[in-house]
Every structure is written in C-alpha cells, then in structure tokens.
Amino acid sequence: MKKMKVRGILIDINYKEGKIFLTIKNESGISTFYDDYYDYFYVEKNDENNAIINKLGMENVLDEVELEGKTFYKIKKVNEENEFYIKYAHNIPAWKKYLIENEITPMNLLELEVENDKILEVKDVGSYIPKLKVISFDIETYAPFIIPRVNKDPIIFASYASRDGEKGVITFKRGNRDFELLVKDEKELIEKLCEKLNEYEVIVGYNSSSFDIPYLMKRAEKLNGKFWLGNEEIEIKKLTTGKIVRTSGIIHFDLFYLIRLLANAQAIKTQRYSLEEIYEEIIGEKKMDLEEEKMCEIYDSDEKRGIYLDYSLSDAIATYKIFEKLYPLIVEICKISKIPLKELNNITSSQLVESLLFEYSYKYKFLIPNRPSEEELLERSEEKVIGAYVKIPEPGIYEKIAVLDFRSLYPSIIVAHNIDPKTLNCGHKECMKNVSPSGSYFCIKNRGIIPITVENLLSLRKKLKEELKKNDDPLIRARVAALKIILNSFYGMFRYVRSRWYSKECAESITTWGRKYILDIAKKAEEKGFKVIYMDTDSTFLTMGNKSKEDVIKFVEEVNKEIPEAMELEIENFYKRGVFVEKKTKEEIGARKKYALIDENGKIKIRGFELVRRDWCKFARDTQLEVLESILKEGSKEKAVEIVRNKIKQLREGKFKKEDLVIYTQLRKGKYKVTSPEFSAYEKARKRGIKIPIGSIIGYVITKNGKSISEKAEIAQFANDFDIEYYINNQVLPAVLKILGAFGYSEEDIKYYGKQTSLGEWENG
DNA sequence: CACTGTGGCCGTGGCC
DNA sequence: GGCCACGGCCAC
C-alpha cells in the first residue's frame with residue numbers, strides 16, 4: 001500500500017488496547033486513523049523496584065525518564081498491573097498523553113502521513129476553526145403533571161435545527177405548519193429523529209444527557225423501536241450531578257454543562273439554567289415561551305396545536321443559536337486545555353487546570369503528583385485556611401467614588417512569589433526572605449510548575465487583551481474569556497481536597513499575602529488623604545472628596561512601583577454615587593457584599609442586593625431596583641418612598657402577574673433537618689404524584705392556606721391564591737427598608753412614623 | 001468522576 | 001421576643 005498525506009481537523013481522539021484513534025475532518029468528510037500506542041505508568045528506579053521488574057521481565061519497560069533529578073522506568077500498562085509499585089501518571093487518560101507527547105491539539109489542523117489507516121507521522125500545523133456539520137435537537141412530551149413520567153407520557157414532538165437552514169418538527173399529529181414532518185406514531189417519530197441526527201457530525205442538545213436522550217432511549221425500548229446514534233452502543237454514565245451520554249462515530253454535545261461551567265466561573269449570570277433565560281442572556285433576545293400548565297391543552301386543540309409546534313421548533317433553534325454563539329469559546333477551551341469536544345460534557349474548571357498542568361509538567365519535566373488516598377482526603381478536609389479580607393462599610397450614600405482592583409490578584413501572587421508545593425520551604429537560606437505572612441517561604445532560584453504555567457497564561461492573556469483593544473475579534477475575545485476562567489481556578493487547586501497539587505501552606509500564603517497587599521493599599525490611600533469606604537478581597541473603594549481623577553491615577557502609579565512586577569493595581573472605574581446599607585440583623589453595622597454604584601455614564605452596578613438573588617420574587621426585586629435607581633440617579637428619597645407605596649397598592653389591588661410572585665430555590669438535597677418553604681412545596685407536589693428530581697430549581701408561591709410560611713408554600717403551577725400580606729411584609733418591605741434607612745430614616749420612622757404620611761398606609765392596609 | 005476555594009447575608013423554623 | 005442552626009445564594 002502506498003503512503004499518503006492527509007490534512008484535517010482533529011475533532012476526536014480515543015484509546016483502546018494499544019491503539020490511539022484520531023478522528024479527522026476535512027473536505028472529503030470524516031475519517032479515522034490509528035496509531036500504535038501503549039498506555040504506561042512510571043515507577044521510580046530503585047533497588048526495591050528493580051527486584052520486582054527483573055522478576056517480571058524487562059519487556060514491559062519502555063524507557064527510562066529523568067524527572068526532578070530522579071530516574072523513572074516507563075512501564076507498559078498491561079492487564080495484570082503490579083500493585084506493589086508506587087505508580088505515577090497511571091490514571092491520566094492515554095489519549096491525553098498522546099496529545100501532549102505528540103504536541104497536537106484538538107480542533108487544530110493536523111498533517112498526517114498514513115499507510116492504509118495507520119498513522120506513520122503526525123504534525124500539528126496550527127490553529128484553525130473547524131466548520132462542523134452541527135444539528136441541534138429537542139423533544140416535547142405530553143405531560144399532564146408537568147414533570148414527564150417516562151412510563152406513561154409519550155414524546156409528541158422532536159425538533160431539530162442546523163446552520164444550513166435544515167429545520168423541522170417531527171410529529172404524529174398535524175399542526176398545519178410547513179416545517180412539520182408527519183409520521184405514523186411515536187415509535188416512528190423516534191426513528192425519524194435518529195435518521196436525521198445521524199446525518200450530522202455533532203448533535204447538540206440542552207440538558208440532553210440528563211433528559212432527552214435517556215427519555216428517547218427508554219421510550220424506544222418500551223415501544224419496541226430503535227434509538228441509535230453513531231456506530232456503537234450509547235453509554236450513559238450516572239454521576240451525582242447528572243448523566244453523561246457517550247456516543248461513538250458521532251459527537252454528542254450537551255450545552256448545559258458548558259453553561260454550568262460558565263455560570264460557576266461567573267462568565268454568565270442567570271437566575272435559572274432554563275433554555276429561555278440562557279437564550280436571553282447569551283443571545284440578548286426573548287425566546288418564545290409557553291405556559292407549562294397549558295401545554296397539554298394546546299396540544300389537544302386542533303386549532304392551537306401549531307403554536308406548540310412553533311414553540312418546539314424555537315427550542316431547537318435557540319439551542320443551535322446558543323451553540324453557534326459560544327462555538328469560538330468552546331473551540332478555545334478545547335485548544336487551551338487540550339480536551340476534545342466530547343469531553344466537554346460534564347467539564348469542570350478543576351479539570352481544565354489539571355489538564356494544563358499535565359501538559360506543562362510534561363514539557364518542563366516535572367513529575368505529575370498522584371491523586372490523594374482516602375486517608376489524605378479525610379486529613380485534608382479537616383484543614384482550614386483563612387481567606388480574604390472584607391471591610392465593613394459605613395452605611396450611607398457616597399459621592400465621587402473610585403474603585404481600584406488588583407488585576408488577577410491570586411494568580412499574580414502565585415507568580416510574584418513563586419508559590420508551588422515544590423518550591424515551598426526549599427531549604428535555601430537566600431530564599432527565606434521570600435516569606436509569606438503565614439510563615440512559609442518559597443524558592444527564588446528554581447521556578448515551580450504552577451508559577452510557570454500561570455505566568456505563561458497571564459502574559460498570553462495580557463497580550464491578547466492588548467490585541468483586543470486594536471481589533472475586537474470574537475475569537476480573541478473567546479480566548480481571553482477562556483483564559484480568565486482557567487486562571488481563576490488555580491488558587492482553588494491548592495485547596496481542593498482531590499487535587500494532585502493540594503497544599504494548605506501554598507493556599508494560606510496566597511490569602512495572607514492577598515490580605516497584606518490590600519491592607520497596604522488602604523494604609524497608603526489614607527496617607528494620601530483618600531477615605532477607604534469598602535474593600536473586598538482585591539478591590540478598594542475610595543471616596544475622592546476634593547481630589548481629582550489625576551490624583552487617583554498618580555496614586556495607582558505610585559503603588560505599582562512598589563509592588564512586585566507580576567502584580568498590578570488597576571482603576572476599575574469612577575462612580576458618581578454609591579449606596580451602602582445596614583445589615584438586617586439587629587447589630588447596627590454596615591452590610592458587606594452589598595452595594596449599588598452609578599458611574600459617570602449613568603451605568604448602574606449592583607452587587608449582593610436582593611434584586612440579584614433568585615430566591616426573592618421578581619415583584620420585590622423590581623421594586624428594589626426602582627428604588628435604588630431613583631436614589632442613584634436623582635438622589636430623591638421622596639420618589640423612592642412613592643415607588644414603594646405604589647407597588648404595595650398594586651399588590652393590594654391584584655395588579656400583578658403570578659410569575660412575579662414566584663420564588664425560586666434549588667432543592668439541593670433529598671433530606672433536610674429543618675422544614676423550609678421549598679421543601680414543603682416539594683413534598684406537597686410529591687403527594688400529588690409528581691416526581692421532581694433532586695437538584696431541580698423549585699418555583700413556589702406563598703398562598704393563604706396554612707399557618708406557617710412553609711405550610712402556605714405551593715409549587716407555582718398548583719397555586720390559586722396568594723398571601724398578599726406575606727409579599728408586602730416579607731418580600732417588598734424587607735427589600736427596601738434598609739435602603740431607605742441609608743437616607744437617615746430609622747426603621748421605626750419608616751414603619752411606624754407618620755401614620756398621617758403616605759407611609760402610614762403600609763401598616764393600616 | 002468531578003465537588004476550585006473562603007467570606008458573608010439572611011429567611012425560616014424551632015428552641016428557650 | 002431573643003437566639004441559633006440550617007441552608008440557600010451571592011461576592012470575589
């Protein structure tokens with residue numbers, strides 16, 4: 001057979017018994033090539049291990065490797081592994097080792113030299129954004145109890161959408177839409193969907209691992225039909241946090257997990273993870289929505305069914321659009337962390353960091369530490385580390401505020417002080433001056449692998465950010481965002497009990513140094529005549545008084561000359577006004593983590609207030625927002641009071657939407673020590689025969705039926721009336737009282753003072 | 001297999 | 001009525 005060259009994008013990689021399979025995509029489609037490759041592990045070369053190895057025979061020793069001044073045998077992983085060794089690099093996926101050793105990156109363009117299907121040579125020839133054939137899909141079920149019961153509730157629609165304009169809804173009941181695809185029954189619907197999906201390279205769903213695919217599989221089984229994706233059996237892995245669906249020959253991608261990663265990294269902010277809210281957040285448009293309670297009714301009506309079909313299609317289209325918008329970011333995450341697309345299902349930020357550290361450790365010849373044993377896990381979970389400093393603010397309204405921020409505080413401390421488990425207390429005398437306030441010192445002669453990695457990422461990010469200023473390219477923006485997510489997770493790696501790079505001393509050094517640097521800023525600022533009103537971790541809020549912006553700029557420049565090179569203090573923004581409030585507890589002190597600011601362009605920044613929390617009803621949150629806006633924009637307390645009075649009037653007169661009274665709370669556990677409204681609502685629903693999965697976000701309202709709040713709580717769909725007094729006294733008023741209090745009203749003033757004034761109406765009803 | 005960390009606010013129920 | 005544990009969500 002002749003040798004030939006193949007160019008294509010690496011879209012997937014798998015390992016199986018001595019072979020690596022690379023899936024390559026190019027103009028002629030998708031093809032898979034293999035390379036002989038054995039998974040391996042390292043054992044240290046010493047007398048004890050030599051004896052064992054001699055007994056077993058040398059044929060499994062692939063190589064000898066020098067790491068951190070020691071010699072290791074590289075041993076082929078065979079079925080009968082010897083458990084007497086202390087093994088290293090044994091639980092790292094073989095495909096990852098192959099990628100790192102061959103310096104190839106998922107989603108990059110590869111040049112292969114092959115003979116038949118066998119790879120002779122592989123070369124990465126650079127970055128590329130692959131155009132994949134992608135289709136999104138979604139199913140709808142006929143579920144009179146809202147939460148679908150797989151044994152009883154059929155799938156009525158299956159929708160799909162792709163970039164090439166292919167879109168449709170498969171149904172066995174006519175809805176008179178030109179995009180509908182009529183089939184005989186549910187079984188045919190499932191099979192038709194499979195035919196469609198299997199024409200593509202990537203299938204995208206939203207929560208499809210935990211819902212759509214398992215549901216489709218179970219329904220197909222019940223109906224004696226078929227459900228298939230790709231060329232091998234579909235594997236469903238159950239995790240504590242959900243399910244993962246693994247397919248071969250076709251890539252299944254569940255957007256939900258990426259959304260969860262972005263939400264955890266605070267790259268996106270949404271109240272719930274519903275497709276509607278995510279779509280609005282990411283695409284910036286409202287998505288069509290249908291009231292859940294009415295769905296069956298709409299489906300049963302021949303005239304209205306078309307609307308439900310529209311809705312079903314809009315779900316598939318929304319999923320596709322979100323995928324497309326996030327695609328550059330997805331590709332960048334794959335590339336930076338060397339993780340193929342399908343592995344992004346159920347990705348966490350610690351895995352991204354781990355993956356990067358594998359690569360850098362290999363490159364710089366560091367030994368990758370092993371995972372902790374069960375005993376170590378227990379020991380580690382006992383240890384405590386003090387975190388960041390947060391200043392208690394004086395409640396009130398402030399004018400002319402400058403907010404200063406350390407850029408990537410913890411990563412820059414890691415770099416500045418070379419913080420790493422391997423550089424910790426190195427024993428060199430001259431390194432002892434690099435000592436943290438917690439008493440640990442770090443080597444100044446040899447760099448640790450974590451500082452090396454973080455420094456590279458920081459400088460890359462800085463470079464890209466500068467490029468971004470010149471040219472607002474979505475690809476660069478995605479790369480900057482991906483780097484930020486990863487960088488913010490490094491500190492956590494030192495404290496994460498399952499981490500290979502766990503180190504209490506490193507973590508402690510970072511936080512103590514962090515506290516020192518921020519408190520130094522406070523001291524210096526006060527010396528310069530600024531007043532420090534608030535601080536949290538890496539940010540400082542100053543009131544400028546009669547000082548100018550130039551004074552602030554000069555101050556920041558001076559600070560930057562004094563702190564280590566790797567660190568930088570930045571001006572986050574100037575604000576013309578800001579509000580801090582008292583805590584709601586009895587002690588009359590300012591609340592931390594709660595503030596509202598307005599900048600010179602009128603842009604408002606609000607943190608911590610009830611209005612940013614999903615466990616407060618929208619009605620109360622809207623009221624609070626209006627009050628804060630009026631105070632920040634106009635400084636008018638009279639108007640703020642008027643707003644509250646009107647809102648309460650609206651409640652009393654029934655001028656509200658039911659959904660604005662819904663309180664959302666996640667049911668994180670199946671068993672609780674205390675009664676809570678959300679759990680009580682959940683239990684009532686369960687008694688009705690409705691199964692709500694643990695981990696769901698429950699939307700409940702407070703009704704008139706019952707004594708305690710818990711007794712009155714009902715899942716929103718089942719509630720017919722509302723306890724308006726609860727919404728006034730426990731939602732609207734608590735959300736605004738402390739804000740009005742910042743104007744000098746005492747709480748009594750607001751609640752009881754002036755029955756003659758407009759405020760009196762609150763109490764008298 | 002998965003859960004990066006600590007600091008902080010506050011409603012609710014249940015105890016006295 | 002005061003106090004505290006529980007548990008959720010948010011800031012960074």
Side-chain angles (χ1 to χ4, degrees), chain A residues 91 93 237-244 257 260-261 263-266 269 271 343 345-354 371 377 381 383-392 405-406 408-410 485-499 501-502 504 506-508 510-511 514-515 518 534-539 581-587 589-595 605-616 663-669 671-680 697-698 702 707-713 726 729-731 734-735 738:
Chain A
N91 47 13
K237 259 177 119 177
K238 266 196 174 173
L239 306 173
T240 49
T241 49
K243 292 175 183 160
I244 317 179
Y257 291 108
R260 199 181 60 183
L261 175 81
N264 285 342
Q266 281 150 42
K269 283 195 77 145
Q271 298 287 330
E343 299 290 333
N345 288 326
N346 202 41
I347 192 73
T348 64
S349 54
S350 66
Q351 283 169 289
L352 296 179
V353 171
E354 202 178 48
R371 284 186 187 154
L377 282 184
S381 54
E383 294 181 325
K384 292 273 170 292
V385 161
I386 299 172
Y389 170 72
V390 190
K391 185 183 166 74
I392 298 172
D405 258 334
F406 277 108
S408 304
L409 179 65
Y410 287 180
I485 292 169
I486 294 170
L487 275 165
N488 283 339
S489 309
F490 272 88
Y491 166 74
M493 286 301 281
F494 288 131
R495 279 296 287 153
Y496 174 40
V497 289
R498 309 189 102 92
S499 164
W501 287 272
Y502 179 93
K504 176 185 186 272
C506 289
E508 217 165 33
I510 294 169
T511 56
R515 291 203 299 272
I518 193 83
Y534 181 59
M535 309 185 99
D536 188 350
T537 313
D538 56 1
S539 63
V581 297
E582 236 174 45
K583 288 219 284 190
K584 286 190 197 171
T585 46
K586 234 195 130 197
E587 35 176 348
I589 59 166
R592 289 163 283 197
K593 314 263 180 196
K594 273 182 120 169
Y595 59 85
K605 178 178 176 178
I606 294 173
R607 293 291 179 268
F609 276 107
E610 287 75 4
L611 73 94
V612 302
R613 299 176 62 99
R614 71 161 168 232
D615 55 355
W616 283 74
I663 299 159
Y664 292 98
T665 304
Q666 192 182 11
L667 199 78
R668 293 152 80 109
K669 307 198 284 182
K671 231 183 161 181
Y672 287 85
K673 288 183 182 168
V674 293
T675 323
S676 63
E678 61 271 21
F679 192 70
S680 156
I697 291 168
I698 291 187
I702 302 302
K707 281 181 200 143
S708 67
I709 296 164
S710 288
E711 280 175 35
K712 294 177 178 183
Y726 168 84
N729 293 315
N730 297 38
Q731 291 276 327
K738 289 294 177 189

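Sequence lines set the chain letters: A, B, ... in the order given, protein chains first and strands last, and positions in each chain run from 1.
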Name the nucleic acid region contacted by Q666(A), choosing base, sugar-phosphate or nothing; use a 4.0 angstrom heavy-atom cut-off, strictly under. sugar-phosphate

By the 4.0 Å heavy-atom rule, please label Y257(A) as base, sugar-phosphate, or nothing. nothing

Between dC3(B) and dC9(C), how many Å separate the two P atoms, rounded to a whole number? 16 Å

Go through dG7(B), dC3(B), dC9(C) for me and flag the one nearest to the R260(A) side chain. dC3(B)

Can you list the residues that meet the side chain to side chain donor-acceptor pair (under 3.5 Å) rule with T348(A), with sequence neighbours excluded? S350(A), Q351(A)

Hits for ring-ring contact (aromatic ring centres under 6.0 Å, His included) against Y410(A), two or more places apart or cross-chain, chain-then-number order -> Y491(A)

When all nucleic acid strands are considered with a 4.0 Å heavy-atom cut-off, which category describes K384(A): base, sugar-phosphate, or nothing? nothing

What pairs with K243(A) under side-chain contact (heavy atoms from CB on, under 4.5 Å), at least two apart in sequence or on another chain? S210(A), P214(A), I236(A), K238(A)

Please list, chain by chain and in numerical order, all residues satisfying side-chain contact (heavy atoms from CB on, under 4.5 Å) with K237(A), sequence neighbours excluded. E235(A), I244(A), R246(A)

What residues form a ring-ring contact (aromatic ring centres under 6.0 Å, His included) with Y257(A), not counting sequence neighbours? none

Look at E508(A) together with K504(A) and state whether they make a salt bridge at an N to O cut-off of under 4.0 Å. yes

Among dT6(B), dA11(C), dA2(B), which is the nearest nucleotide to the side chain of Y491(A)? dT6(B)

When you compare the protein's N or O atoms with those of nucleotides 10-14 of chain B, which come within less than 3.5 Å of each other, and at what distance?
{"from": "dC10(B)", "atom 1": "OP1", "to": "K594(A)", "atom 2": "NZ", "distance (Å)": "2.8"}
{"from": "dC10(B)", "atom 1": "OP2", "to": "K584(A)", "atom 2": "N", "distance (Å)": "2.8"}
{"from": "dG11(B)", "atom 1": "OP1", "to": "K584(A)", "atom 2": "NZ", "distance (Å)": "3.0"}
{"from": "dT12(B)", "atom 1": "OP1", "to": "Y726(A)", "atom 2": "OH", "distance (Å)": "2.8"}
{"from": "dT12(B)", "atom 1": "OP2", "to": "N730(A)", "atom 2": "ND2", "distance (Å)": "3.0"}
{"from": "dG13(B)", "atom 1": "OP1", "to": "S710(A)", "atom 2": "N", "distance (Å)": "2.7"}
{"from": "dG13(B)", "atom 1": "OP1", "to": "S710(A)", "atom 2": "OG", "distance (Å)": "2.6"}
{"from": "dG14(B)", "atom 1": "OP1", "to": "T675(A)", "atom 2": "OG1", "distance (Å)": "2.9"}

